[in-house]
Amino acid sequence: MVPTGAYGTWPSPIDAHLAAAHEGRPEYVGVVGDEVWWTEPRPAEGGRRALVRRHPDGTEAPVLPAPWNVRSRVVEYGGQPWAGAVREEAAGPLVVFSHFPDQRLYLYEPDGDGEPRPLTPVSGVGGGLRWVDPVIHLDRDEVWCVLEEFTGPGPGDVRRVIAAVPLDGSAAEDRGAVRELTDGRHRFVTGPRLSPDGTRAAWLAWDHPRMPWDGTEVMTGDVTDGGPFTGVRAVAGGTEEAVCQVDWAPDGSLLFVSDACGWWELRRMRPGAGEAGLCTGRAEEFGGPLWKIGLKWFQPLDDGTIAVIHGRGATSLGILDPETGEVVDAPGPWTEWASTLAGHGTRVIGVAASPRSGYEVVELDTCTGRTRVIGSAHADSVDPAYYPEPQIRTFTGPDNREIHAHIYPPHNPDRIAPDDELPPYVVWAHGGPTGHAPLVLDLAIAYFTSRGIGVAEVNYGGSTGYGRPYRDRLREQWGVVDVEDCAAVAEALAAEGTADPARLAIRGGSAGGWTAAASLAATDVYACGTLLYPVLDLTGWADETHDFESCYLESLIGPLTDVPGRYRERAPISQVERIASPFLLLQGLDDVICPPAQSERFLAAMAGRGIPHAYIAFEGEGHGFRRADSVVRALEAELSLYVQVFGITRLDVPLLELKK
């Protein structure tokens, strides 16, 4: 007989250390020769990103030992940090990669005897030169990529161009040896994609105040010998059309993903034939928000078909026949495919997850239609009996608008709750806010649900995955629509008897931290909240944050010159007198996106109000926690907050001291 235990008191084998070990996911898959390579997290190694190779016999090995950290800081969120190739005359592959601590490009031959050697000059972590989205051109003895160059001390003192870096190392001490292929006319660019005949390049570009999901342009240029691209022009996209990826098909036609029809849709441009959609009228997304440089939602294949990631809310991997528009999906349990793809012959490689499995590297054989897992960042096992069982729900919010959410009720095979008790619930607001909460196994969620605390992930208005109109609901409504939608879900769960109305909490990181803080100020729904590296002061944030998002508030709030009062009224720092619930504030001290000054000013404004709260600042952490010890401390502190506020009795979690 299963014992009875109050919600929140249940014992669980999923502790904070196990959840921390599973933090992060594989990214940036590629094929080098006959091998599949990708990056994966190493929380126990200071949060570095390792580059891993899978040999043809199925064995895995790191390409680079610790402390090499394969990660770019371009636009702070980074992007594709490596490229590999095989020289015909060489005994093994070579790789060019961005090393996080100094942001230099390095070249390394992992099967050789040497060490990685720098290709670009020293620049320092805080500025100088950064590189992302590299492509190796052995015939030119160069790597082409995006160069981000800081020209002054301010966050806006920066230019970005497509550049060619010599593979012979001649630019390691000489910035002048780097060839610039574009002229810097655009504030932001992606890496170039070369046409099959090598004569043309294509890339994306956009400018402030637009974000890449607002409007981007597809640029093309002619490749020259030793000079910049010529004949540069925009061939698609625009200020009101967001293109998130561009590439060339084997027949030389240009492929790109555009949201001109209201959904991100794959389109093709043939010489002399104009532009046409390849799978129209499906009311689903074939792309997503370009938060990092070099993300991929489609991969042209040698036989003329196209591997595509697509879906509405959840995503699938499919093979698209561009002539018929038919899409055949790969079999498997996965409900979310990350925006990274690689192709090699009849093989397609991606990264996918499901409610029963974390992100893993998956291979599809397009000849047989079979899929298999070929790599995972986590070899240890967790008893799936403790995994939560998610529910896909649609709720009704203000103005009768629909709200998408994933509900994770408390679940533990070793305990049942008393019949007369309702469970506490925590509403999770995702970051972005132009992003979404995927329907996948997250051991941070399981950490709470297996202890008897439910989780509700809300894809509030403004989230991606449901078309541009749903995304545009947040335009000039940040701090209103997101707050209302989260509250509507929480109140609906309470009204239907799913959640205890007196034990509701809200938590979020980055933009989700803003939503959590704004919710504590604007509603009385929540008994407490957890704020992770949040935006709290709108007036100060635009000047304090990095260049990429420095104009983001123009679409989320409105132009400051037009609506200055709105910036003051909506900011949590301006509403501290309305915050009456306890909160936990977690902040990385190296965060340049939501700097510690935001949290410090907020705490100063809250001082003397008598509201129980705790503040934990993490040295060496930036925007998001990557080190295992940081993740452990953050999770245990969050649980302690709920234990104290919800009146839960358990002695196996370190006590979080709440100050007034």
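All values derive from a computational prediction rather than experimental measurement.
The local environment of CG in Asp399 is sparse, with at most 12 non-hydrogen atoms from other residues, nucleotides or ligands closer than 6.0 Å. The environment of Arg356 atom CZ is dense: over 12 non-hydrogen atoms of other residues, nucleotides or ligands sit within 6.0 angstrom. More than 12 heavy atoms of other residues, nucleotides or ligands shown are found within 6.0 angstrom of CD1 on Ile616.
Salt-bridge annotation for Glu60 and Arg54: absent, with no side-chain N of the basic residue lying under 4.0 Å from a carboxylate O of the acidic one. Salt-bridge formation is detected for the pair Arg393/Glu496: a Lys NZ or Arg NE/NH1/NH2 atom is positioned less than 4.0 Å from an Asp or Glu carboxylate oxygen. A salt bridge is defined here as a Lys NZ or Arg NE, NH1 or NH2 lying under 4.0 Å from an Asp or Glu carboxylate O, and Arg193 with Asp133 meets this definition.
A side-chain donor-acceptor contact under 3.5 Å links Tyr642 and Thr530. In this model, no donor atom of one side chain and acceptor atom of the other lie less than 3.5 Å apart for His404 and Ser463. Under 3.5 Å, the side chains of Thr545 and Tyr552 contain no donor-acceptor pair of N or O atoms. A donor and an acceptor atom, one from each side chain of Tyr359 and Glu40, are nowhere located under 3.5 Å apart. Between Ser258 and Glu241, the side chains place a donor N or O and an acceptor N or O closer than 3.5 Å (distance only, hydrogens not considered).
Between the side chain of Gln80 and the backbone N or O of Trp82 there is at least one donor-acceptor pair closer than 3.5 Å. Between the side chain of Thr315 and the backbone N or O of Gly311, no donor-acceptor pair lies under 3.5 Å. Remark: the backbone N or O of Phe298 is paired with a side-chain donor or acceptor of Gln245 at under 3.5 angstrom.
Remark: Arg627 fails to qualify as a cation-pi partner of Phe625 under the 6.0 Å distance and 45° angle criteria applied to the six-membered ring.
Between Trp428 atom CH2 and Arg507 atom CZ the span is 4.0 Å, to the nearest 0.5 Å.
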